[in-house]
K.L.:
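Let me give you the structure first, and then I'll get to my questions.
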Amino acid sequence: MAEVIHEMYSEEQVNARIRELGGQISADLAGEPVKVVCVLKGASFFACELAKRITSPVYMDFMYCSSYGDGTVSSGKVKITRDLEMPIEGENVLIAEDIIDSGHTLKFLTEEFRKRGAKRVMVCVMLSKPERREVEVPVDYVGFVVPDKFIVGYGLDYAQKYRNLPFIGTMEF
Ligand code: IMP
Ligand code: MG
């Protein structure tokens with residue numbers, strides 16, 4: 001079966017929105033340093049682009065979580081499959097995530113980082129699919145609110161494909 005992708009936000013639109021988010025985050029941080037936590041692999045493109053737009057001192061760390069297999073349905077159970085390199089105690093932490101869907105991943109991560117003693121946990125998502133939320137999680141910054149469709153590109157995959165598309169698109173199966 002052919003997989004058809006329709007562009008939803010162009011590369012220019014995404015980058016422009018990331019600049020705005022970076023501006024807001026910089027204003028909120030008021031010069032304080034921040035650790036940007038990139039949730040691999042989906043947030044890799046977004047987190048790096050976002051970090052470039054933050055004017056406070058930025059430290060980066062990366063982690064792998066899994067709640068999804070190669071399919072399109074969340075299992076609801078989140079585990080850390082590759083942890084951060086450095087402790088976050090006493091730090092401002094900004095979680096950069098590709099998309100919030102059921103909310104399980106971000107709920108788990110925000111609680112985990114609070115337990116680890118972060119000074120402040122901020123959450124920035126490139127995309128939010130509110131219709132799919134199963135648990136409530138406070139999200140500080142949202143790039144775009146999207147409908148309940150399967151999204152690929154700009155880091156988001158379908159069975160590991162299409163992460164490298166420079167735009168955000170919806171996928172038709
Ligand atoms: P949540 O835990 O259900 O909020 O799911 C978050 C994770 O599910 C994201 O980090 C993505 O990796 C994945 N995900 C959710 N929706 C999509 C989508 O439309 N396309 C690709 N991946 C998705
Ligand atoms: Mg992900």
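Counting starts at 1 for both ligands and their atoms, in listed order.
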K.L.:
Which of the numbered atoms in ligand 1 are under 4.0 angstrom from any heavy atom belonging to Thr105?
P.N.:
1 (P), 2 (O), 5 (O), 6 (C)
K.L.:
List ligand 1 atoms under 4.0 Å from Lys149, heavy atoms only on the residue side.
P.N.:
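Every atom of ligand 1 under 4.0 Å from some heavy atom of Lys149: 19 (O).
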K.L.:
Compute the shortest N/O to N/O distance between Gly103 and ligand 1 and return yes if it is under 3.5 Å, no if not.
P.N.:
yes
K.L.:
Which of parallel (below 30°), tilted (30 to 60°) and perpendicular (above 60°) describes Tyr9 and Phe144?
P.N.:
parallel
K.L.:
Checking Glu97 against Val139 for the side chain to side chain contact (heavy atoms under 4.5 Å, CB included) test, could you report, in this order, the C-alpha distance in whole Å, the side-chain angles of both residues, the deciding distance, and whether it holds?
P.N.:
CA-CA 10 Å; Glu97 182 50 319; Val139 176; over 6 Å; no
K.L.:
Which atom pair, heavy atoms only, marks the closest approach of Val146 to Pro130?
P.N.:
O-CD, 3.8 Å
K.L.:
Closest heavy-atom contact between Gly22 and Leu50?
P.N.:
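Closest heavy-atom pair between Gly22 and Leu50: N-CD1, 3.9 Å.
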K.L.:
Between Ile99, Leu127, Leu109, Val78, flag the one that comes closest to atom 11 (C) of ligand 1 by a heavy atom.
P.N.:
Ile99
K.L.:
Would you say Glu134 contacts ligand 1, with heavy atoms under 4.0 Å as the rule?
P.N.:
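Glu134: no contact with ligand 1 (<4.0 Å).
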K.L.:
On a heavy-atom basis, I'd like to know which of Tyr162, Tyr158, Phe150 is closest to atom 18 (C) of ligand 1.
P.N.:
Phe150
K.L.:
Between Val39, Leu156, Val146, Ile168, flag the one that comes closest to atom 22 (N) of ligand 1 by a heavy atom.
P.N.:
Leu156
K.L.:
If I compare all heavy atoms of Lys129 with all of Ile99, which pair ends up nearest, and what's the gap?
P.N.:
CE-CD1, 3.8 Å
K.L.:
Measure from the side-chain N and O atoms of Arg17 to the backbone N and O of Val142, and report whether any donor-acceptor pair falls under 3.5 Å.
P.N.:
yes
K.L.:
Pull out every atom of ligand 1 sitting under 4.0 Å from any heavy atom of Asp157, numbered as shown with elements.
P.N.:
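That gives atoms 21 (C) of ligand 1.
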K.L.:
Does a sphere of radius 6.0 Å around OH in Tyr59 hold more than 12 heavy atoms from other residues, nucleotides or ligands, not counting ones at 6.0 Å or beyond?
P.N.:
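12 or below, so no.
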K.L.:
Among Met171, Lys107, Lys129, Arg132, which one has a heavy atom closest to atom 19 (O) of ligand 1?
P.N.:
Lys129
K.L.:
Going by the order shown, which atoms of ligand 1 are within less than 4.0 Å of some heavy atom of Ile151?
P.N.:
18 (C), 19 (O), 20 (N), 21 (C)
